[in-house]
Amino acid sequence: DYETLMAHELAHHWWGDLVTCRRQEDMWINEGMASYAESLFLEAVYGNDAYLESVLDNHKDVLLYAHERDGARLPVSGIGHEHTYGDHVYNKGAVIAHNLRKVMGDEAYFEAAKAFLDANQFSDVSSLDMQDFFQNYTPKNLGDFFNGWIFQEGFPDFILKSWSTTQIDNSTDWNLQYSISQQNHFNPSLIESQPMFIEARGFNGEYFREEVNLIGQNSNGSINLPFQAKWVFLDDISHTLQASLSEEQMISDDGITNFNRAEFRLDIDTPVESPFWMRVENHWSTAESEEQENVSLSDDRFWRVLGDFPSGLISTARIRYYGNPDAGNYFDPKFFAVLTELGIPEDSLRLFFRPLQSNVWQAHPHELGVQGNNTNYQGQIEFPLSQAGDYAWGIASDFVGVEDKTQTQLRLFPNPCGSDLNVSV
């Protein structure tokens with residue numbers, strides 16, 4: 001019952017005892033690395049699936065709740081004394097350790113970790129010491145990694161904006177051109193460079209995966225594939241844990257299928273003759289789009305759905321929104337804070353959809369389930385699903401129903417004025 005607890009405490013013989021953090025602001029070196037050792041223990045004893053379940057469950061918990069339990073979104077390094085033993089130190093520290101392993105690769109990461117402990121035994125270290133030491137074991141830019149993941153709060157979110165393929169002359173290979181954007185989830189600055197895997201699935205079940213290096217906010221590039229791609233996406237399920245929750249399943253039965261990690265439910269009404277692949281991405285960031293008149297979309301979250309949907313599929317999907325600041329699951333603060341300020345009721349919410357490769361959003365049929373009153377901003381949206389694309393809630397001015405109010409008495413001063421004019425209502 002307590003095997004991961006024992007693994008954590010035994011790990012302190014290395015992280016915390018043999019080598020310890022120099023200042024309490026770097027306590028993640030002790031506690032985050034020991035927390036990650038729990039997942040390493042599960043991997044060694046029970047295999048890769050147990051490891052992935054451990055790190056993915058922890059990542060979702062950090063993304064959803066760490067800022068609530070600690071009272072703020074915090075960096076891993078540089079936290080205040082009151083958060084020395086908080087969720088960011090333990091749990092987000094473990095997320096960062098996993099990400100560092102995936103960026104460096106297993107061989108380089110474990111070699112660097114062992115050498116770091118040997119070189120610094122019976123002494124204290126800082127995060128910068130760790131960065132400089134681990135840098136000797138990889139060509140990847142760990143300065144960008146530490147600055148983006150360790151020294152600032154929040155998470156980045158990398159999104160595949162568009163892709164296309166062209167067959168290479170006199171070859172069975174195809175050239176894939178891609179465009180990837182980086183969005184922010186409460187992190188104040190972009191990550192300068194980030195390795196990420198691009199994955200492709202073919203029309204006959206083929207699979208290909210290649211690592212690329214993303215630079216800044218927008219990265220464009222190309223890779224060659226040994227087949228024509230039907231689906232292309234970024235690997236953020238088992239690689240870099242970022243501001244998204246993604247999940248893949250093979251759907252073989254009708255009825256309800258829960259994508260628990262992605263916070264998504266599918267209910268299929270028609271018989272499933274043969275299993276089909278489906279991927280759901282719950283992005284905790286703004287969906288980039290062209291500016292559209294009279295449409296305002298959520299800047300908290302959107303969902304991307306991919307799938308080999310069979311012809312004639314009749315299904316209903318469900319997503320939930322959480323805009324109530326008094327609830328424990330206050331996941332969508334930005335968008336609903338604006339609605340609250342403007343006095344826009346909850347039943348003004350609409351669902352919008354855009355096909356893949358498009359920046360134009362359009363209204364999508366849906367059923368809104370308001371929970372409680374019309375201003376607590378917590379409920380669910382159900383909608384027919386038969387097409388791949390992006391889904392997000394928002395408001396359209398045609399439906400808002402806000403009564404125009406004209407203010408007839410304004411006081412302007414001073415008069416005459418120079419560079420500043422005051423307006424009093």
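In this text, all values refer to a predicted model and were calculated from it rather than measured experimentally. Computation of the quantities below employed the complete heavy-atom set of this structure, encompassing side-chain atoms and omitting hydrogens, waters and symmetry-equivalent molecules.
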Q. After noting the C-alpha distance and the side-chain angles of S285 and D157, does the key distance pass the side-chain hydrogen bond (donor to acceptor under 3.5 Å, both in side chains) rule?
A. CA-CA 7 Å; S285 63; D157 184 25; 2.5 Å; yes

Taking all non-hydrogen atoms of both residues, which atom of [X] and which atom of [Y] are closest, and how far apart?
{"X": "R101", "Y": "D106", "result": "NE-OD1, 2.8 Å"}
{"X": "E25", "Y": "I79", "result": "CG-O, 3.1 Å"}
{"X": "H185", "Y": "A243", "result": "CB-CB, 3.5 Å"}
{"X": "A7", "Y": "E38", "result": "CB-CA, 4.4 Å"}
{"X": "E346", "Y": "G379", "result": "OE2-N, 4.1 Å"}

Please examine the side chains of [Y] and [X], heavy atoms only from C-beta on, and report whether any two atoms are closer than 4.5 Å.
{"X": "W163", "Y": "S179", "result": "no"}
{"X": "D308", "Y": "W231", "result": "yes"}
{"X": "Y178", "Y": "L160", "result": "yes"}
{"X": "I150", "Y": "P75", "result": "no"}
{"X": "Q371", "Y": "R320", "result": "yes"}
{"X": "Y65", "Y": "F331", "result": "yes"}
{"X": "E153", "Y": "P188", "result": "yes"}
{"X": "E281", "Y": "S244", "result": "no"}

Using atom types as modelled and distance alone, determine if a side-chain donor or acceptor of [X] lies under 3.5 Å from a backbone N or O of [Y].
{"X": "D300", "Y": "K334", "answer": "yes"}
{"X": "S54", "Y": "A50", "answer": "no"}
{"X": "K140", "Y": "V103", "answer": "yes"}
{"X": "E31", "Y": "M27", "answer": "no"}
{"X": "Q387", "Y": "L385", "answer": "no"}
{"X": "Q167", "Y": "S171", "answer": "yes"}
{"X": "H12", "Y": "W15", "answer": "yes"}
{"X": "R318", "Y": "Q380", "answer": "no"}
{"X": "N58", "Y": "N91", "answer": "yes"}
{"X": "N373", "Y": "T375", "answer": "yes"}

Q: Let me see the working for H366 and F383 under ring pair (Phe, Tyr, Trp, His ring centres under 6.0 Å), right down to the final yes or no.
A: CA-CA 4 Å; H366 68 281; F383 56 95; 8.7 Å; no

Q. Going through the checks in order, is the side-chain hydrogen bond (donor to acceptor under 3.5 Å, both in side chains) test met by N324 and N376?
A. CA-CA 5 Å; N324 182 359; N376 72 347; 5.8 Å; no

Q | Option passing ring pair (Phe, Tyr, Trp, His ring centres under 6.0 Å) with Y391 (candidates F264, F352, F353, W303) | A |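 Testing each of F264, F352, F353, W303 against Y391, the sole residue satisfying ring pair (Phe, Tyr, Trp, His ring centres under 6.0 Å) is F353.
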
Salt-bridge criterion met for [X] and [Y] (N-O under 4.0 Å):
{"X": "K92", "Y": "D87", "answer": "no"}
{"X": "E199", "Y": "R201", "answer": "no"}
{"X": "D390", "Y": "R354", "answer": "yes"}
{"X": "D129", "Y": "R22", "answer": "yes"}
{"X": "K60", "Y": "E53", "answer": "no"}
{"X": "R209", "Y": "D235", "answer": "yes"}

Using a distance-only test with no angle check, is there a side-chain donor-acceptor pair under 3.5 angstrom linking [X] and [Y]?
{"X": "Q24", "Y": "T84", "value": "yes"}
{"X": "T20", "Y": "N30", "value": "yes"}
{"X": "D26", "Y": "S127", "value": "yes"}

When the ring centroid of [X] is compared with that of [Y], is the distance short of 6.0 Å?
{"X": "F186", "Y": "F155", "answer": "no"}
{"X": "Y321", "Y": "F336", "answer": "yes"}
{"X": "Y322", "Y": "Y330", "answer": "no"}
{"X": "W393", "Y": "F302", "answer": "no"}

(Q) D332: which residues meet the salt bridge (Lys or Arg N to Asp or Glu O under 4.0 Å) condition with it, sequence neighbours left out? (A)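 Checked D332 against salt bridge (Lys or Arg N to Asp or Glu O under 4.0 Å); matches are R301.
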
Q: Could you walk me through whether W277 and F233 pass the ring pair (Phe, Tyr, Trp, His ring centres under 6.0 Å) test, one step at a time?
A: CA-CA 14 Å; W277 172 81; F233 45 89; 5.7 Å; yes

Q: Under the side chain to side chain donor-acceptor pair (under 3.5 Å) rule, collect the residues that match up with S193, sequence neighbours excluded.
A: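 Checked S193 against side chain to side chain donor-acceptor pair (under 3.5 Å); matches are D144.
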
Q: Could you go through the side-chain hydrogen bond (donor to acceptor under 3.5 Å, both in side chains) check for Q249 and T257 one step at a time?
A: CA-CA 9 Å; Q249 292 193 44; T257 299; 5.3 Å; no

